[in-house]
Amino acid sequence: MGFKVLVTRIIPPKAQARLLEQNFELVQWDQDSSIPRNVLLEKVKGVDALFCLLTEKIDDELLDAAGPQLKVIATMSVGYDHIDVAAVKARNIKLGYTPDVLTDATADLTVLLALGASRRIKESIRAAENGAWGKWGPTWLCGSQFTHKTCGIVGLGRIGEAVGHRLKAFGISRFVYSGRSKKPEAEASLNAEFVPFDELLQQSDLVVICCALTKDTQNMFNYEAFSKMKNTVLIYETPLQVLVNSARGGIVHQDDLVRALEDDLIGAVGLDVTTPEPLPPSHKLYSFPNCLILPHVGSATMETRENMANMTLENILAGLSDKPLPYSI
Ligand code: DGY
């Protein structure tokens with residue numbers, strides 16, 4: 001029996017089969033729910049490697065519970081705001097993640113949310129299913145379209161850029177972006193303009209959030225920010241400007257978003273991420289017809305999830321053999 005490895009969920013089938021072929025002393029949480037914290041703290045004791053998901057908080061408490069033999073932690077996610085990176089690095093533990101591979105799937109879903117919110121898909125599906133579908137009407141369930149509109153991308157990284165290219169095909173004529181630093185290559189490929197955050201809010205018909213959750217971006221979309229968004233003129237209840245978040249729930253101040261929707265500051269919203277996750281069905285946000293919410297499925301294609309699991313396994317194997325991780329944070 002080789003190294004002791006904790007895997008916090010059953011992973012997609014091909015990667016799971018590959019995992020089972022390894023000469024590991026495998027400890028795996030096999031239930032269809034995330035591993036409870038107390039169980040995680042117990043099971044992590046004495047492991048050499050930890051294969052985790054974004055549902056597990058990796059902090060000093062967990063690292064203490066694991067013990068000094070822990071060589072590598074690999075998360076099956078591109079986001080790593082659930083990990084105290086400094087604490088992991090301070091213990092010389094190798095740390096891996098899954099960049100690039102989920103860019104297309106997440107960008108597709110971001111565009112789906114943008115289209116769905118601006119074309120009033122939630123109301124349309126409900127109307128079709130609950131009998132509210134009457135005769136065809138000239139203005140009934142009219143949304144707005146992207147042709148000749150401005151899109152603001154907050155965080156022009158891999159996913160932001162991929163979202164931009166997709167939206168170009170839907171007629172967006174101008175891109176602005178904001179973020180920590182300029183991105184010359186992505187900027188050139190989209191003909192985008194780097195602008196201060198406030199300007200992005202004021203100019204964009206569609207705002208997409210594609211940045212990482214950090215202490216700087218936490219709650220950056222608060223009531224003040226919503227108040228600066230391009231003024232909505234409600235014609236036939238048409239959502240004229242749209243906000244989409246497929247990054248992390250914590251970037252949006254959710255109570256402020258509820259207020260902003262109540263005060264008609266935003267035309268329509270599409271969210272794939274919330275705080276908390278899962279968002280309880282009783283949450284006020286679900287009650288807005290112009291707020292479309294999905295359960296964090298941005299990367300949820302079998303192709304992408306298999307790739308993510310495989311990359312995570314590659315990171316674990318490299319870490320256990322004291323090699324540099326192929327996908328290292
Ligand atoms: C990630 O990987 O960070 C996504 O949010 C889920 O795939």
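Residues take their numbers from the sequence shown, with the count starting at 1. Ligands are counted one by one from 1 in listed order, and the atoms in each one are counted from 1 as well. Predicted model only: the values in this text are computed from it and were never measured.
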When the ring planes of Y80 and Y97 are compared, do they come out parallel, tilted or perpendicular, using 30° and 60° as the limits? perpendicular
Assess the side chains of T55 and S34: does a donor N or O sit below 3.5 Å from an acceptor N or O? no
Note every protein N or O atom lying under 3.5 Å from an N or O atom of ligand 1, pairing the names and giving the distance.
residue	atom	partner	partner atom	Å
ligand 1	2 (O)	V78	N	2.7
ligand 1	3 (O)	V78	N	3.4
ligand 1	3 (O)	G79	N	2.8
ligand 1	3 (O)	R248	NH2	2.7
ligand 1	5 (O)	R248	NH1	2.7
ligand 1	5 (O)	H296	NE2	2.8
ligand 1	7 (O)	S299	OG	2.6

Can you list the residues that meet the side chain to side chain donor-acceptor pair (under 3.5 Å) rule with E306, with sequence neighbours excluded? none
Keeping the roles fixed (side chain from K183, backbone from R158), state whether a donor-acceptor pair exists under 3.5 Å. no
Using the ring-ring contact (aromatic ring centres under 6.0 Å, His included) criterion, which residues pair with Y177? Sequence neighbours excluded. F194
Who else is in W140's hydrophobic cluster (ILVMFWY, side-chain heavy atoms under 4.5 Å, direct or via others)? W133, L141
